[in-house]
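See below for the structure under consideration.
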Amino acid sequence: MAHLQGQERAQYVQSMFARIAGRYDLMNRLMTAGQDIKWRRYVIQQANLPRNGRILDIATGTGDIALEGLNQVPGLQAVGGDFTVEMMQAGKQIPERQPIQWVGSDTLALPFPDDYFDAVTSGFLMRNVIDVPGAFREQMRVTKPGGRVVVLESSPPKKNWLRPFIRIHLNHIIPLLGKLITGESDAYRYLPDSTQQFKDPETLADIMRQTGFQNVTYKLFMFGTVAIHTGQKPEIANL
């Protein structure tokens, strides 16, 4: 499934997330042993949002990162965009997520004006898109000059002594959990497969730099299997 390309891959991903929407948050807690809560907190810290600012969380799913933004930043306008309606519908059912502004959005053609958001965030998006540089260009377009794009994404296991144990977790434990909790073992085979076939953190950082982001950095979590990248849109020179 992770080998699918182009529109076929996009349609599979959309259908997959629609099927697991109801148990998505629970599976995230179980797969990461609750560490995803810490990662979302760090994403919002890296976004460096101003009071009364505006954030777009693209591929928002059920709105976890957008909610963390609301919790951390007074007066924040949080927009959650996703192309899977079922995921956003699941998020809308959670009372504390009612302030999120939910918008159907394709990450390759964002329905927002240029220079609109103080920051754009995403969680576990980039390994699923069919055009990674194109997605970064769109995120940069809608970000204000000097604003940040912050990317939470899984990374292929490093070649060290932990790699066999991590592969067991990815290839066997996660699909088993997925089957038991959601009844969708196929979806939770795709997710580990797409992780192992995705770009390593330095390659992803290079793509951000090539797209035009400045001050690109990243931090690794969970034995190097998760990375949070941060890049800044260049300031417009004073004329």
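Note that the structure is predicted; figures quoted are calculated from it, not measured.
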| task | Applying side chain to side chain contact (heavy atoms under 4.5 Å, CB included), name anything that partners D131, two or more places apart in sequence or on another chain. | result |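 Here the qualifying residues are L108, P133, R137.
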
| said: Among residues at least two apart in sequence or on other chains, which ones pass side chain to side chain contact (heavy atoms under 4.5 Å, CB included) with P234? | reply: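 P234: side chain to side chain contact (heavy atoms under 4.5 Å, CB included) contacts with M140, Q214.
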
Between [X] (side chain only) and [Y] (backbone N and O only), is there a donor and an acceptor less than 3.5 Å apart?
X    : Y    : answer
S105 : V103 : yes
Q93  : Q89  : yes
E153 : M126 : yes
Q232 : G146 : yes
H229 : P201 : yes

For [X], which residues count as a salt bridge (Lys or Arg N to Asp or Glu O under 4.0 Å) partner, sequence neighbours excluded?
X    : value
D106 : none
D115 : K233
E202 : R209

Just how far is it from atom [atom1] of [X] to atom [atom2] of [Y], taken to the nearest 0.5 Å?
X    : Y    : atom1 : atom2 : answer
L204 : R127 : CG    : CZ    : 12.0 Å
R148 : I55  : CZ    : CD1   : 12.5 Å
T32  : L30  : OG1   : CG    : 8.0 Å
T62  : K92  : OG1   : NZ    : 13.0 Å
T143 : F136 : OG1   : CZ    : 11.0 Å

| said: Assigning hydrophobic clusters by single linkage (Ile, Leu, Val, Met, Phe, Trp, Tyr; side-chain heavy-atom cutoff under 4.5 Å), is I94 placed with I37? | reply: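 The answer is no; the residues belong to distinct hydrophobic clusters.
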
| said: Suppose clustering is done on Ile, Leu, Val, Met, Phe, Trp and Tyr with side-chain heavy atoms closer than 4.5 Å. Which residues sit in the same group as L220? | reply: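 Once heavy-atom contacts under 4.5 Å are chained together, L220 belongs with Y218.
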
Within [range] or reaching into it, pairs that qualify as salt bridge (Lys or Arg N to Asp or Glu O under 4.0 Å) - sequence neighbours excluded:
range            : value
residues 211-220 : none
residues 73-89   : none
residues 43-58   : none
residues 60-77   : R29-D64, R40-D64, D64-R97

| field | side chain to side chain donor-acceptor pair (under 3.5 Å) involving K144 - partner list, sequence neighbours excluded | value |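 So K144 forms a side chain to side chain donor-acceptor pair (under 3.5 Å) with D118.
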
| said: Tell me every residue that passes side chain to side chain donor-acceptor pair (under 3.5 Å) with T217, counting only those two or more places apart in sequence or in another chain. | reply: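 Checked T217 against side chain to side chain donor-acceptor pair (under 3.5 Å); zero matches.
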
Considering non-hydrogen atoms only, spot the tightest contact between [X] and [Y] and give its length.
X    : Y    : value
I100 : G63  : CD1-O, 3.7 Å
G104 : P111 : O-CG, 3.9 Å
L76  : G53  : CD1-O, 3.4 Å
L67  : E96  : CD1-O, 3.5 Å
V132 : K199 : CG2-CE, 4.3 Å
P50  : V73  : O-CG1, 3.4 Å

| said: For L152 and F124: C-alpha separation, side-chain torsions, deciding distance, then whether side chain to side chain contact (heavy atoms under 4.5 Å, CB included) applies. | reply: CA-CA 6 Å; L152 165 61; F124 306 111; 3.9 Å; yes

| query | Can M88 and T84 be said to form a side chain to side chain contact (heavy atoms under 4.5 Å, CB included), step by step? | reply | CA-CA 7 Å; M88 293 190 291; T84 303; over 6 Å; no

Any side-chain heavy atom of [X] sitting closer than 4.5 Å to one from [Y]?
X    : Y    : result
Y116 : L56  : no
T107 : Q139 : yes
I65  : T60  : no

| query | Around atom CZ of F221, are there more than 12 heavy atoms of other residues, nucleotides or ligands at under 6.0 Å? | reply |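 Count over threshold, so yes.
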
| request: Apply the test side chain to side chain contact (heavy atoms under 4.5 Å, CB included) to residues V151 and L125: give CA-CA distance (whole Å), side-chain angles for both, the deciding distance (0.1 Å), then the verdict. | output: CA-CA 8 Å; V151 180; L125 162 69; over 6 Å; no

| query | Are Q72 and Q45 close enough that a side-chain donor and a side-chain acceptor fall under 3.5 Å? | reply |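 Side chains of Q72 and Q45: no pair found under 3.5 Å.
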
